[in-house]
Amino acid sequence: MPDTAPIVARIEDELRELAADGLLRRRRVLDSPCGPECVVDGRPVVSFCSNDYLGFANHPELIAAAQAAAAQWGVGSGASHLVSGHLRPHEEAEAALAEFVGFPAAITLATGYMANLAIVPTLVGRGDAVFADRLNHASLIDAVQLSRADSHRYPHGDVAGLSAMLAASTAKRKLILTDAVFSMDGDIAPLPQLCELAERHDAWLVIDDAHGFGVLGESGRGTLAHFALPAHPRTILMGTLGKAAGVAGAFVAADRTVIDWLVNKARSYIFTTAASPILAATVTKSVALIAAADDRRQRLRRLIAQLRGGLADTRWRMPPSETAIQPVIVGDNHEALRVADALFARGLWVPAIRPPTVAKGSARLRVTLSSEHTEAHAAQLVDALRALA
Ligand SMILES: *Cc1c(COP(=O)(O)O)cnc(C)c1O
């Protein structure tokens with residue numbers, strides 16, 4: 001018997017090709033909790049990788065909330081939400097989230113990826129049309145495919161282009177789909193104009209606020225609040241709970257009718273076990289901490305200004321971003337990798353993002369800041385990048 005089946009050998013070949021192109025992915029093991037200072041494969045480093053923008057992933061009050069919830073509710077929910085897995089902590093988390101973002105109702109899901117798969121195919125289907133920003137997150141792209149609706153992708157942030165596409169469409173139902181804060185560039189979608197277009201064309205507007213929730217807007221209510229846009233029956237807001245909220249999971253906030261529809265129809269909500277009640281209870285506590293975290297958001301803004309000021313005159317471009325995501329565009333794949341490796345050797349961990357995640361020729365270091373970085377951490381990164389540029 002040959003030691004490798006041909007069907008496996010083919011994958012081995014492809015893995016070897018990835019390695020030859022410098023595209024093989026590997027995982028580094030953290031020997032510490034998530035935080036600005038962490039231990040990676042036994043080595044202390046300053047991390048600029050995580051989406052834990054407010055430093056809540058290892059917050060003592062959230063750890064205490066999780067411990068108390070485990071003691072009271074156990075570790076597992078035991079079933080899906082529609083069977084017997086919808087526990088009091090889930091119900092309370094939904095109410096807290098809906099109230100916080102100012103929508104009539106909300107549901108929680110196990111991950112943001114699953115939340116997007118719940119929203120799009122439940123609102124549109126064959127013969128309908130989705131209008132999606134070209135730089136949308138992979139989970140939104142997959143959600144459109146799963147819906148079987150016609151997919152129209154408009155150039156990044158191009159309101160005029162989108163407007164023309166909507167006007168030309170004869171689809172019965174239309175849905176505009178966008179990241180609120182774009183995950184690889186950190187820039188903010190033109191939500192006021194998108195709301196207006198949704199209104200004019202009687203379209204759904206689905207907003208993925210994975211990176212704005214907790215960070216932007218009054219009390220960290222998110223990108224809609226950043227623009228002072230109120231809830232609207234045609235607007236569906238998705239937010240994730242594993243980034244600024246520091247826990248795990250996601251929520252969808254919308255009109256009560258839309259939430260009832262999702263509960264009845266969304267397959268990635270119905271056919272999966274409800275998240276642990278520990279997570280639900282911890283999320284409720286996290287929402288309270290987010291609301292009270294103006295000091296953390298202010299520290300984050302100061303660090304953003306420090307980083308951008310410090311790198312303003314290097315040969316690497318930093319596209320405009322007022323969020324915690326601060327890309328440094330290096331351009332060439334191999335150079336981006338070399339810079340990331342050189343930073344890591346200096347104890348600074350910054351991921352190099354390459355195509356196909358970003359456009360060809362725009363390989364970058366994706367720096368993410370947390371309110372818990374110190375001025376000294378940011379200065380260290382600025383100095384190292386200046387030396388390498
Ligand atoms: C992280 C992310 C998601 C996925 O959320 P998870 O909870 O990590 O599955 C969805 N959309 C965007 C824009 C994201 O950045």
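For ligands, and for the atoms within them, numbers begin at 1 and follow the listed sequence.
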N/O separation below 3.5 Å, Asp179 to ligand 1: no
Polar proximity ligand 1 side, Ser183 side, N/O cut 3.5 Å exclusive: no
Row check, Phe56 ring normal vs Arg296 NZ/CZ: under 6.0 Å, within 45°: no
So, is Thr240 polar-close to ligand 1, with some N/O to N/O distance under 3.5 Å? no
Using the ring-ring contact (aromatic ring centres under 6.0 Å, His included) definition, which of the options Tyr269, Phe213, Phe103, Phe100 pairs with Phe251? Phe213
Under a 4.0 angstrom heavy-atom cut-off, which atoms of ligand 1 come close to Asp208? 10 (C), 11 (N), 12 (C), 13 (C)
Atoms of ligand 1 close to Gly112 [distance to a heavy atom under 4.0 angstrom, numbered from 1]: 4 (C), 5 (O), 6 (P), 7 (O), 9 (O)
For ligand 1, which atoms sit closer than 4.0 Å to a heavy atom of Ser139? 10 (C), 11 (N)
Measure Thr111 to ligand 1 on non-hydrogen atoms and call it side chain, backbone, both or neither using the 4.0 Å cut-off. both
Element-labelled atoms of ligand 1 that are located less than 4.0 Å from some non-hydrogen atom of His211: 14 (C), 15 (O)
Counting each atom of ligand 1 from 1 as listed, which ones have a heavy atom of Tyr113 under 4.0 Å away? 4 (C), 5 (O), 6 (P), 9 (O)
Answer yes or no for Lys243: is there a heavy-atom contact with ligand 1 below 4.0 Å? yes
Do the side chain of Asp255 and the main chain of Val258 share a donor and acceptor less than 3.5 angstrom apart? no
